[in-house]
Colleague: 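Got a structure for you, written out below as structure tokens; questions coming shortly.
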Amino acid sequence: MIPAPFPLLARAAPNAPIAWRHGQPISRVNFLRHVAKVARRLPPARFILNLCEDRYRFLVGFAAVGANGRTNLLPSSRASLHLRQLVEDYPDSARITDDDLDSWLASDEVAESVPATPELPAEQVMAIAFTSGSTGRAKPNRKTWGELISGAAQARQRFGFAPGMTIVATVPPQHMYGLETSIMAPLVSGASVHGGRPFFPDDVRIALDAAPPPRVLVTTPVHLHACVRADLRWPRLTFLISATAPLSSTLAAQAEATFAAPVLEIYGCTEA
């Protein structure tokens, strides 16, 4: 039996935000308009290398590629050698960047009043993620839409992602950890995401201040260590999630004291 398709966006109030960008909310209905506009402008290639750094631009590009029946290529690095190898391995490919999406979304095309939510086959290969390549050439890992939906549903059950919650992430959306927590979670759970990718501690603080509560910080032990040492005043968080490296009990305790919120640790890998 062929499994039923899954909607690109879980049912929620049309005006509920899916993202916050430059301090302003972007509603789910406007997100669907943006997806439809970008989907009509994608280059004619089977694989799309999504190089957007702005998290909302990445989200729109990721969804538009899937809505077009194409596959996102998610590089593990922006190193020129890695990107060149991807182009060699996937000759029927093109790339999209923040500049591309800014140009397409700024066009004067008349927006659809109420865009239909695309439905994607469960078996559609939505993305190909790559290992770090630290032991040689980066290895591809195919991720079907059904697998991504299943993972997002498990994350929603485990962490309680829900409408009204805002996610701020320091990890890139091309990384599986960043993809599942800051891209799939808003699509499936009804939460919203901050459009930036803060790096330094004060950037993280500013992003959290700009994100309406309840807030969640998705980060790494390296970032947690820097934030703990920064001695800043932090806005109230509901919880933090840490992954990509082992988190010591000492740092976890320091982070919980600094943010006055629980720190949750998860393990995973691109292959799984």
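Note: hydrogens, waters and symmetry copies are ignored here, and every other heavy atom, side chains too, is used. In this text, all values refer to a predicted model and were calculated from it rather than measured experimentally.
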Colleague: Which other residues end up in the same hydrophobic cluster as Leu240, if Ile, Leu, Val, Met, Phe, Trp and Tyr are linked when side-chain heavy atoms come under 4.5 Å apart?
Modeller: Val168, Val204, Leu208, Leu217, Leu224, Val228, Leu232, Trp234, Leu237, Leu247, Leu251, Phe259, Val263
Colleague: Treating Asn68 as the side-chain partner and Ala39 as the backbone partner, does any N or O pair qualify as donor plus acceptor under 3.5 Å?
Modeller: yes
Colleague: Measure up the Phe239 and Phe161 rings against each other and bin them: parallel (under 30°), tilted (30 to 60°), perpendicular (over 60°).
Modeller: tilted
Colleague: Do Pro140 and Tyr90 come within less than 4.5 Å of each other through their side chains, counting heavy atoms only?
Modeller: yes
Colleague: Is it true that a side-chain atom of Thr166 and a backbone atom of Pro212 form a donor plus acceptor pair closer than 3.5 Å?
Modeller: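 At least one qualifying donor-acceptor pair exists.
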Colleague: Apart from Phe200 itself, which Ile, Leu, Val, Met, Phe, Trp or Tyr residues share its cluster (side-chain heavy atoms under 4.5 Å, direct or through members)?
Modeller: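 Hydrophobic cluster check, Phe200: joined to Phe199.
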Colleague: Without hydrogens or angle criteria, can the side chains of His194 and Tyr56 be said to hold a donor-acceptor pair below 3.5 Å?
Modeller: no
Colleague: I need the minimum non-hydrogen distance between Pro186 and Leu9, along with the two atoms involved.
Modeller: O-CD1, 4.3 Å
Colleague: So, Arg21 and Asp54, do they make that salt bridge, N to O below 4.0 Å?
Modeller: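 Salt bridge between Arg21 and Asp54, a charged N being under 4.0 Å from a carboxylate O: yes.
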Colleague: Got Pro115 and Val35 here, is their nearest side-chain heavy-atom distance under 4.5 Å?
Modeller: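 They are not in contact (no side-chain heavy atoms under 4.5 Å apart), so the answer is no.
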Colleague: If you measure from CZ on Phe6 to CG on Leu120, what distance do you get to the nearest 0.5 Å?
Modeller: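 It comes to 11.0 Å.
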Colleague: Can you hop from Trp145 to Leu42 via hydrophobic side chains spaced under 4.5 Å?
Modeller: yes
Colleague: Is a side-chain donor or acceptor of Arg41 paired with a backbone partner of Leu105 at a separation under 3.5 angstrom?
Modeller: no
Colleague: CD of Glu88 to CG of Leu86: how many Å apart, nearest 0.5 Å?
Modeller: 9.5 Å
Colleague: Are the side chains of Trp104 and Ile96 in contact, using a 4.5 Å heavy-atom criterion?
Modeller: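 Counting from C-beta outward, Ile96 and Trp104 do come under 4.5 Å.
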Colleague: Would you say Ile18 ends up clustered with Trp20 if hydrophobic residues are merged whenever their side chains have heavy atoms under 4.5 Å apart, either directly or through other cluster members?
Modeller: no
Colleague: From Asn50 CG over to Arg57 CZ, what is the distance, rounded to the nearest 0.5 angstrom?
Modeller: 12.0 Å
Colleague: For Gln85, which residues count as a side chain to side chain donor-acceptor pair (under 3.5 Å) partner, sequence neighbours excluded?
Modeller: none
Colleague: Would Thr244 and His175 count as a side-chain contact (heavy atoms from CB on, under 4.5 Å) if you check the C-alpha gap in whole Å, the side-chain angles of each, and the deciding distance to 0.1 Å?
Modeller: CA-CA 10 Å; Thr244 73; His175 189 284; 4.1 Å; yes
Colleague: Distance check, rounded to the nearest 0.5 Å: Asp89 atom CG versus Leu73 atom CG?
Modeller: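 These two atoms lie 9.5 Å from each other.
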Colleague: I'd like to check Gln124 versus Thr71 (side-chain heavy atoms, cut-off strictly below 4.5 Å). Are they in contact?
Modeller: no
Colleague: For a quick test of reading the model, state the closest non-hydrogen atom pair linking Pro43 to Ala94 and the distance between them.
Modeller: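 Distance-wise, the nearest heavy atoms are CG-CB, 3.5 Å.
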Colleague: Checking Glu147 side chain against Thr144 main chain: does a donor-acceptor pair fall under 3.5 Å?
Modeller: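 Yes, the answer is positive, given that a donor and an acceptor are paired below the 3.5 Å cut-off.
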Colleague: Side chains of Ser103 and Asp100: donor-acceptor distance under 3.5 Å anywhere?
Modeller: no
Colleague: Show, in sequence, the C-alpha distance, side-chain angles and deciding distance for Asn141 and Phe130, and conclude whether the side-chain contact (heavy atoms from CB on, under 4.5 Å) test is met.
Modeller: CA-CA 6 Å; Asn141 292 271; Phe130 294 85; over 6 Å; no
Colleague: Whether the side chain of Ser189 engages the backbone of Arg156 through a donor-acceptor N/O pair (distance < 3.5 Å, no angle test) should be reported.
Modeller: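 No: the side chain of Ser189 does not pair with the backbone of Arg156.
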Colleague: Is any side-chain heavy atom of Met165 closer than 4.5 Å to a side-chain heavy atom of Val216?
Modeller: yes
Colleague: Do Val38 and Leu101 make a side-chain contact, defined as non-hydrogen atoms from C-beta onward lying under 4.5 Å apart?
Modeller: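 Val38 reaches Leu101 side chain to side chain.
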Colleague: With sequence neighbours excluded, what pairs up with Thr219 under the side chain to side chain donor-acceptor pair (under 3.5 Å) test?
Modeller: Thr170
Colleague: For Arg46 versus Arg70, what's the shortest heavy-atom pair and its separation?
Modeller: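 Between these two residues, the closest heavy atoms are O-CB, 3.4 Å.
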Colleague: Going through the distances and angles, do Val193 and Arg55 end up as a side-chain contact (heavy atoms from CB on, under 4.5 Å)?
Modeller: CA-CA 8 Å; Val193 66; Arg55 201 172 303 270; 3.6 Å; yes
Colleague: Can you see which heavy atom on Pro25 is nearest to which on Pro17, and at what distance?
Modeller: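 Scanning both residues, the minimum pair turns out to be CB-CB, 4.0 Å.
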Colleague: Could you give all pairs that pass the salt bridge (Lys or Arg N to Asp or Glu O under 4.0 Å) test and reach residues 208-227, with sequence neighbours left out?
Modeller: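 Passing the test, one end in residues 208-227: Arg205-Asp209.
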Colleague: Would you find a donor on one side and an acceptor on the other, under 3.5 Å apart, between the side chain of Gln174 and the backbone of Cys52?
Modeller: yes
Colleague: Just how far is it from atom CD of Gln154 to atom CD of Glu180, taken to the nearest 0.5 Å?
Modeller: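 Separation between the atoms: 9.0 Å.
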Colleague: Which heavy atom of Ser192 sits nearest a heavy atom of Ala19, and at what distance?
Modeller: CB-N, 3.9 Å
Colleague: Could you tell me whether Arg78 atom CZ has more than 12 heavy atoms of other residues or ligands within 6.0 Å of it?
Modeller: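 Counting neighbours around CZ of Arg78, more than 12 heavy atoms of other residues, nucleotides or ligands fall under 6.0 Å, so yes.
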Colleague: Under a single-linkage definition using a 4.5 Å side-chain heavy-atom cutoff for Ile, Leu, Val, Met, Phe, Trp and Tyr, are Val29 and Val60 assigned to the same hydrophobic cluster?
Modeller: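 No; Val60 is not reachable from Val29 via cluster members.
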Colleague: Are Leu74 and Leu59 co-members of a hydrophobic cluster defined by side-chain heavy atoms under 4.5 Å apart?
Modeller: yes
Colleague: Where is the tightest heavy-atom contact between Leu51 and Leu83, given as atom of each residue plus distance?
Modeller: CD2-CD2, 4.2 Å
Colleague: Looking at Arg28 and Gly190, would you say the former's side chain and the latter's main chain have a donor-acceptor pair under 3.5 Å?
Modeller: yes
Colleague: Measure the spacing between CZ of Phe47 and OG of Ser93 and express it to the nearest 0.5 Å.
Modeller: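 If we round to the nearest 0.5 Å, Phe47:CZ and Ser93:OG are 8.5 Å apart.
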Colleague: Which is it for Leu179 and Leu148 under the side-chain contact (heavy atoms from CB on, under 4.5 Å) test, yes or no, and what are the steps along the way?
Modeller: CA-CA 9 Å; Leu179 182 74; Leu148 291 175; 4.2 Å; yes
Colleague: Taking the side chain from Asn72 and the backbone from Met126, do they hold a donor-acceptor pair closer than 3.5 Å?
Modeller: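 Yes, Asn72 side chain to Met126 backbone: donor-acceptor pair under 3.5 Å.
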Colleague: Okay, side chain of Ser150, backbone of Gly146: is any donor-acceptor separation there less than 3.5 Å?
Modeller: no
Colleague: Once salt bridge (Lys or Arg N to Asp or Glu O under 4.0 Å) is applied, what residue pairs with a partner in residues 229-246 remain, sequence neighbours excluded?
Modeller: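 The answer is none; no pair qualifies.
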